[in-house]
Structure formats: C-alpha cells, structure tokens
Amino acid sequence: MNYNFNEIEKKWQDHWAKQQTFKAKNTSDLPKYYVLDMFPYPSGAGLHVGHPLGYIASDIYARYKRHKGFNVLHPQGYDSFGLPAEQYAIQTGQHPAVTTEENIKTYRRQLDQIGFSFDWSREVRTSDPSYYKWTQWIFIQLFESWYNIDSNRAESIDTLISVFTAEGNAKVNAVCDDAISLFSAADWNSFSSKEQQEILLKYRLTYLAETEVNWCPALGTVLANDEIVNGVSERGGHAVMRKKMTQWSMRISAYAERLLKGLDQIDWTDSLKESQRNWIGKSVGATVKFKVIPNDTASVEGELHQIPVFTTRPDTIFGVSFMTLAPEHDLVSQITTDDHKAEVEAYIKATAKRSERDRIADVKTITGAFTGAYAEHPFTKEPIPVWIGDYVLAGYGTGAVMSVPCGDQRDYDFAKHFNIPIPNIFEGIDISEEAYGAKDNVIIANSDFLNGLSYKEATKKAIVALEKLEQGEGKTNYRLRGAVFSRQRYWGEPFPVYYVNDMPQMIAKEHLPIRLPEIEKYLPTETGEPPLGRADVWAWCTETNTVVANTKVNNTTIFPLELNTMPGWAGSSWYFFRYMDAQNDAVFASENALNYWESVDLYIGGSEHATGHLLYSRFWVKFLKDRGFVKIEEPFKKLINQGMILGTSAFMYRLSYIYINESEIDETGTEFLFKLKNIYISSSESLNNNEFQSNIDYLGKLKSTLKEIAGLSNNNNLEDLTIIPLPIHVKVQYVNASNELDIPGLKNDSEFGEDYKNAIFISDDGGIISLDGDSSDVFKVSREVEKMSKSKYNVVNPDQIVTDYGADSLRLYEMFLGPLEQAKPWNTAGITGVHGFLKKLWKLYMGEDGLNITEATPTKDNLKTLHKTIKKVEEDIESFSFNTSVSTFMIAVNELIAQKCTSKEILEPFLVLLSPYAPHITEELWHQLGHQHSISTTPFPEFDAQHLVESSKNYPISFNGKMKFTLELPMEMQKEDIEKTVMAHEKTIAHLEGRTPKKVIIIPGKIVNIVG
RNA sequence: GCUCAAGUGGCGGAAUUGGUAGACGCGCUGGAUUCAAAAUCCAGUUCUUCGGAGUGCGGGUUCGAUUCCCGCCUUGAGUACCA
C-alpha cells in the first residue's frame, strides 16, 4: 500500500469536520487552555507560505495540549473590515462585503487543506453586524466612562455628573483635557444642556476633539503614524500633510501607567515589552516655565510670553546656555525680532520639507536659527538666547527644550556649531570633547544652591525651588497620547452616534447594531466628507429608533448620523472574548464563558502588532475590567512572535541608456533610442559583481546586437552610449531552480503578459534569444532574499505544495525550516526531505499487503529510541522548539527502520508523539491499527527514564581541549581507573610523544582532558 | 542617531547547565537497481599544504568557549533625539 496523502488528508479533514472533533466545550472538568492566532485579514491574494507558519505552530501546541488532557479552545476568524477591500471597491465598484466574502472563502479553503484543529463553530468576522453590534456597544461604554485617578479606574460618567451637581469640579481628580476651567455646583446646574455635554466630553474616555492628524489628500483619509513611511503614505507613497479635523479619540493615556506595570506580569519576549515601554514613553522630571524678555515683537501689553519645557534633568538647570524651540512652535512668530525674521522664516520653510524621520536620524547635519529673543533664567535671571532647531520636534513634549550643552550631546553639538557657550556644571568632569550625559556619579557644580549635590538630590532641590518661584513643578510625562479612533472610510464599523446641536448622542444598546448603509461609490464626497456622506438613508429617528432617509432630518426628532467609521483596531481589540461565546445574542460573552476561559494562554503572531493591536487590546481589556464586564487585567498571558518567512526574489535587467554627447545621435536621433525600449539582458557574473561597465567584450557584442535591433547599419560603434541595466522584479513562478526564465510563460502572464509581448531578451553571449522551441539559449535571472510579499512577486502559494506533497509535509517542513521566532528564507526544494521522511514512516507501518505491525516484545534498543524521543519531543514542544523535534522524529524513524522494529508497543505511542505535527498520516495509521476514536485525544505517552540508562560511556579523550579520539569505558568506572586506563592507552602514548602531562582532567560520564 | 535581534559548511540549521562543533534535512559526488528515467537503497560530503586550522573580527577568563566577559564589524527589524 502506497502513501496516498491526498486521499488520506481529504478523508480525515472531512471526518473531523463532520464529527466536530475539535469543538470546544464551555463546561468541562478538564483544565482549560486557550490557544489563539493573531486575527487574519482576508486579503485578496490568499495565503502564501509565510502565513501558516504561526498557525501550524499554534496548532501543534493546541493538539499537544489535548493529548495532555486539556480542554482546548483554538478558534479562528477574520478581521474582515479594512482598506484593501475598500480600495478594490473604489476601483471596481464591487461592494466590499462581496469581495470580502470571496476572500474569506479562499482563506477558509486554504486553511482547511492544511488540517488545522480549529473550532470553526466559533468563527467570528468583525464586519458581521452580529459582531460589530458589540464593538459599538463597547464604544458606548467608553463614551459613558471617565477615569478617576483617585480610585485609579474607569467609572461610569454618572458618578462624575453627581459630583459636578453636588460640588462642581474643583476636587475632581480625573484624566481629562488640559484646558478645563473650574466651576461650582451652582455653575454646573445653571449650564445649558449643551454646555454640560461639552464639559463632559472633556472627561469621557472616548471623545470628540479637534486634533491634528496626518491627512493624506490622495487617499482621502487620515493615516496613523505607523502608516507613514518617510513622510509619505506607506500605501501608494502619497504626500501627507498636517491638518486639523474633528475626530473621535480614545483616552488611552489614562492607562499609561497600568499598561506599563502590566508588562511585568506577562510572559512576552523582552524585546516586545521593550517596544511597548518605549511607546508608552514614561519619563520623570519637571516642567519649567521660562519667561521671554520683552523685545520689539515680544512685548505684548499686559501678558508676557512664557516658554514651557519638560526636562528629565532639572538638576542641570544652571547649565542652560540657550533654549531651542521646534521651528513649528506657536511662539516662534511672536517672539522673533525684526532683524532675524528673514532668517527664521527661511529656516522654517526649509524644515517643512524635511521628513520627521530625516530630522530624527540625521545627527550630523546641525542646523538652526537665532530668533533674536531672550528668555530669562528662572534663578540667575540672566538672559538666555532662544534658538529654533529642527532637532526639536513640535509634537513631543512641549516642543521646546532647555538646552544644557554640557549634559546632552545634541545640545552640545548645536552649541559648538553656533559658538554658544558651554558652561560646565559637573565637578571634575572634562567636557572639552563631548557632553556628559550619565546621571550616575555626577556632582553638580557652578550651580548656586545645587553645588555639591548628586543628580538625585539636586533634582529634588531644583524642583522645590522652581515650585517656590511658581515657575515649574515635578512631572511625569508619558509620550502615549490620545489614540485617534475615526477613519474617513466606508468599510468599517459605523458609530452608534447621531448629532443634536452638534453634540454627539449615543444610540441606546437595544437598537444596535447600526448597520452600514448602502452607497453608490466608495469614495469621499466631492465636498470632502467621508464616504458615508453619500448615503441617502443615514439619519436617526428618535421616535421610531430606526435609521431613516436623510431628507427627513428636521433636527427635532430626526438627526444626522456620524459619517466616520471606526478604525481597524476597533474590532480586533476584544475579539478574543467573542470566541469564548461567539453566538451569544444577549451579551458580548456570557459570564460563565468569560470565567471559564479567562484569558488567552498562548498567543502567536507577527511582531508588526507590537505597538498597535497589542497595546490597544490591553487598554480595552483594562477598561472592560474597570467597568466590571470582565475579570482579567491582561488578555494574553504568553505571546510568541513568529519570524518572517523570506522569499527569494528574482530580477531581470531592463536596459536604459544615457548618451554622453547628445549631438552625436544625428542620423538616427531619438528614433534610435525609441527602438531600444523593452530590452532585457540575461543575468551574468559581471552583472552580479557590479563589473558590468568594465566587461568590454560583452558590451561590444551587446552594442552590435542593439544596432541590429535598431536597424543601424553604419560604422558608429556607439561609444557615447552608456548602457544601464535596471533590476526589475519578475514573478518567481516563471523561474526554475537553475534561475532560468520561462519567457513564453512570462509573455502569457494574465497580469503582465502584455508588457512583455514585444520585449527582446538577450542571452549571456550578447545575442538575441530565439524563442522557437529548439533554441538552447537560456535567460538567467538574479536572485535576492527579501520579505515575501505580493509586491515583490516572490510569493509561494501553499496550494501547489499541498497538492504535490500533502499538508503533513507542508506542516513538517514549515516547522523544520528553523526556530519559530527567527526570520528564514523559503526554498520549496527542501520539502523533499520531510516528504521522504513521511514515506519512510509509512513504509515502517505498512508493508506491501497491509499493516506491518506485530505483538513482538520490544527490544532494549526499541524502547530506548521511543523513550528518548518522548523526552525530547515533550521538551521541544514546551519550549516551542519545533524545528528540533522534526529532526528527532527523523532520527527515531531512521533508528526504528535500522532496528527492523515491528512492535506495536513501540509504534503505537510513536504515532501519538507525531500526531500534533502530522495529524493526517498519524490518524490514518492509528485507525489502521484498529482504533475507533480519533488519535487527537489519546493521552501523550509517558516518559520512562529507566530505558535510557547506559552501562558504558564513549569518552572523548582531549589533549589541551581538542578531542583526538574516543574510548568506550564502563559507566561506573572511577576517576583513578579512568586515568590509568586512558594513560596506558596506545593512542594516548602516541599523542604525548614522550611528554609528561601537567594535568589530567576527568569528569566522570563526560570527558577526559589531558593538559601539557 | 537610538533600541532590540542575529552572524556556525554550497544552503536551512543543530549543539537546552561551559565538556566529542557541523545532528537532521537540502544540494552535490560516486555506486546499486532499471532498456532508460522517476522512485528507492548504499557510501561520501567544513577547509586543509594531511602538520593542523576552524562557529563575523580582536582580546580576555578557563584544563576546556558556538556558549561567559570586554572592545569592534556586518546584517536584519523597530523607531518617537522624551530633552
């Protein structure tokens, strides 16, 4: 019987689906275990081999935990709102729901054929109204909450209203907007409803605010910081500008400290925790207000200008020799003196063109301008020059720095460059070459009342003195800011919000979900409103509590609805709870389900979510806990980032040309160059080594070929023509293992074939490649390892691999590639190794005419092989070292074949060990062995150490630490006897060549090392 | 610039507490089988001037270092000069 993997895999996938083998129960006496993959977005391109890597790892773990007696929850679903479907809709007019449905079908088919043990009965989709009903509900809860710093948790907005009614806001200690004026209970009660709502909005955890956003006119949308690369949109590379816009935001900063502290409680990698810490960006220091000394422009009557700065080093305040403002700082125009105006304005203009990224990374170029204004030092009252410099960013801190050149390298470089004094305030420290940035072991000097103090003491004392002057106070700063929650897009959750008098009102819970309206086109409106502005039926009737036609808006009973939709992170911030009770219509998940499953025990996904999804969902979970909806503080106990699978891209070189002397193109002119378009040259060693331009022989041949192509028959040998080969990505499916391009295939490509119809391909020897069948010419491409992505045309689709080798081979191979967390290149050719292993395994169990298993008593060697495999595989899975366990299986099968093992007592438990990795073949053999129940719930074999006890040890005998030969000695042999035996051995004597060793190191059971 | 990873044969990688470097697999070479091919099986495969050398480079600790320490180089990922 042959190993017919296609038949076997289909059979068991169908069987598992029919029997609901992997359906998880919400009530069980077994301990629970929750294994989750990061929410996939169902893109139109389908899966490539990089996607299932994490899914396979989590599936192995989930299956292993079932063998270990756990009730395992291992669900899957789709984060199905998103920009790609919307962009496709804009291009084709197809409703995003339709394309999303198609994409999900493709995903599901691809996932199913890999044999995952998902409980599909719990599938969720964020774009499904029965799901986003609860996303809307959570949004309403956030709106109806404020953060009480005294109780350190979110509370219902009602508790805040009752405080306002009783005593005003003087004693309220809340996370809220910066500019809130004080009011008494009497004030509050006399405010109009609109005034009250405006005030409450400044306290709510989600609120409307005029915020500066990254507006991308070309995409008609706002972009998150991480969607902008080098100042342009990541998608499409369009220009991005700062623009004020009314946006929904989330007061995530209220949770900054808890988000930081919580990291200590969870089992994530240090690098991931570190990036969250950096993102939250806690710094302890002080705010200091510097008064601007009046000058020709900065002498407004009555009020003096102040420059507030935040510093982590208030102890160095006597080292301030200048101040630096971000060029965009509001005060710049108000304080710059007339004679510096021209210079400052020119500098601001120049800065605006630099991307923020550029300003950050480039430390070598020091630029700045003096405003002509001076600020007053709070203690010495000396004038301090105020500069602007683009190393200070407007968006961070206060957008201004008190520059202490002796203590900060950037300030130091700036001062050196502009000849600003660098006062030294550190005792006994040389600052003639560079600044001294360390906080440890400094003694402050030249600093009046701070002299002789350490960093800690001086900081404390400086803050006290600043507070006395009312020019500063101690402050903890977080860089985490309000998270923008609006998107000017169609394909997202609609807000359950309508507007009365411009004030947002929540729609009551019982009327949810508010469904996305139908629109004709998916673009923003001509007036710049979001796509929902195109909907005709998008108004809220407060009498019928339904969505009605816009024409009915009367602003008394019928009101306009919100036009923005929610961002991608809305639905993904809580989905892990929905899996616990996916069909519940009354609550987002029942209390029983929430209590049973608690939180995710193992979460596997890409590191790209480090500061987005993983921070936002922690925030929502903490909020839901505060409001009593869940009991947990952290959603993901253990988290593993799988590494990227890299693709091997292929390049061919398109020729482009430069004429050194244009006047010499006389007789043929531009027509000549026109005829030389769309020509590609085969990759060669000289191309890969950047020696193309010096390969005279080849260039000569190439040029005569070009003349031939252009129909040029004169003697011009094109000396003035410089040929520049440009690398162009080519789809890897048209390239074989020897890097040869399938030219006819490329020309028939449905997507790009047209572009190459008239292309000319030139071989290694400089001649045109003939495309009639019997030509032996080859066209070679260059290879490079890059991120696997559709845009680089290097994706490898798992479908073909499953057809050719089977899902079990794919699963094993993906694990075999290397450590889960590390990035690694994909090479399909290597899959024959694991596939060959499965064939050998099959032959071990199945003879020519059926099962090859006997009741034979296992030999000592059989037992040793089995038990060392049990031990190793169990250790490997527990430590997520899946690659090494695949090797272990191979070694075990090689050994069992060598031992000619047929013993059921060995071969049966071995199947269980392997089944998490290769579930189909093991399930088939398990049933061939006569079992009626699925192998998936069979207990994991128990390791028994007695089978690994050895009676002898093959000692490595080293000389000066270098192993020279080995010697088999009894295990129980004592040190002295070992030394005697080794020293008497002929090989030892030969190696010593008569020398007497200085020392002999013997570690019984390990090694012998002879020194000297 | 800063932060975090990672550098081991032709390639992916292994060596879990400092103890036989290169397990396992790919590829390659030779052989068996076959009319032939595929498939399968067997043997070999770090380099080498055959003394040795060797885990990015230079030091150090140790009887012994891929593993620990110091300094550097390169590559990748992230990034917000948090003042």
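Each chain gets a letter, A, B and so on, in the order the sequences are listed, and its residues count up from 1. Since the structure is predicted, the reported quantities are computational estimates derived from the model, not experimental observations.
Under a 3.5 Å cut-off, the side chain of A:Asp808 and the backbone N or O of A:Ile921 do form a donor-acceptor pair. Within the 3.5 Å criterion, the main-chain N or O of A:Asp390 finds a donor-acceptor partner in the side chain of A:Tyr347.
Looking at A:Pro405 and A:Phe322, their side chains come closer than 4.5 Å, going by heavy atoms from C-beta outward.
Atom name P, nucleotides B:rC69 and B:rG25: the rounded distance is 34 Å, in whole Å. Comparing B:rU55 with B:rC47, their P atoms are spaced 16 Å from each other, to the whole Å. On the P atoms, B:rA14 is 31 Å away from B:rU62, given to the nearest whole Å. Comparing B:rU61 with B:rA53, their C1' atoms are spaced 23 Å from each other, to the whole Å. Here, B:rG1 and B:rU45 have their C1' atoms 46 Å apart, quoted to the whole Å. To the nearest whole angstrom, the two C1' atoms, one in B:rA37 and one in B:rG52, are 45 Å apart. B:rG22 and B:rU8 are spaced 8 Å apart, taking the C1' atom of each and rounding to whole Å. Remark: the separation of the C1' atoms in B:rC50 and B:rC4 is 45 Å, to the nearest Å.
Between the side chains of A:Ser403 and A:Thr324, at least one donor-acceptor pair of N or O atoms lies under 3.5 Å. Between the side chains of A:Ser885 and A:Thr888, not a single donor N or O lies within less than 3.5 Å of an accepting N or O.
Classified by interplanar angle (parallel below 30°, tilted 30° to 60°, perpendicular above 60°), the ring pair A:Phe619/A:Tyr255 is tilted. Note on ring orientation: taking the six-membered ring where Trp is involved, the planes of A:Phe418 and A:Trp387 are tilted (angle from 30° to 60°).
The interatomic distance linking A:His613 (NE2) with B:rG78 (C1') rounds to 18 Å, in whole Å. If you measure from atom CH2 of A:Trp268 to atom C1' of B:rG78, you get 16 Å, rounded to the nearest angstrom.
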Can you give the dot-bracket line for RNA chain B, where a pair is Watson-Crick or G-U wobble with both atom distances under 3.5 Å, crossing pairs use [ ], and | marks a partner on another strand? (((((((..(((......[....)))((((((.......))))))((....))..(((((..]....))))))))))))....

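Salt-bridge formation is detected for the pair A:Lys868/A:Glu895: a Lys NZ or Arg NE/NH1/NH2 atom is positioned less than 4.0 Å from an Asp or Glu carboxylate oxygen.
Note on A:Leu967: nothing from the nucleic acid sits closer than 4.0 angstrom, heavy atoms only. Counting any heavy atom pair closer than 4.0 Å across all strands shown, A:Val401 reaches a base atom. Residue contacts shown for A:Asn278 include a base, since a base heavy atom lies under 4.0 Å away.
Taking the O4'-C1'-N9-C4 or O4'-C1'-N1-C2 dihedral as appropriate, B:rG71 has a value more than 90° from 0 and is therefore anti. With a glycosidic angle no more than 90° from 0, B:rG9 adopts the syn conformation.
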Scoring nucleotides 4-25 of chain B by protein non-hydrogen atoms under 4.0 Å (B base, S sugar-phosphate only, - none) yields S-------BSS-B--BBS-BBS

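Among A:Phe816, A:Tyr805, A:Tyr813, A:Trp842, the single residue meeting the ring-ring contact (aromatic ring centres under 6.0 Å, His included) criterion with A:His835 is A:Tyr805. The side chain to side chain donor-acceptor pair (under 3.5 Å) with A:Arg313 is formed by just one residue from the set A:Thr316, A:Thr311, A:Asp315; it is A:Asp315.
Each of A:Lys999 and A:Lys964 was matched to the nucleotide of RNA chain B holding its nearest heavy atom; the match closer to the 5' end belongs to A:Lys964. With RNA chain B read from its 5' end, the first of the two nearest nucleotides for A:Ser403 and A:Leu480 is the one closest to A:Leu480.
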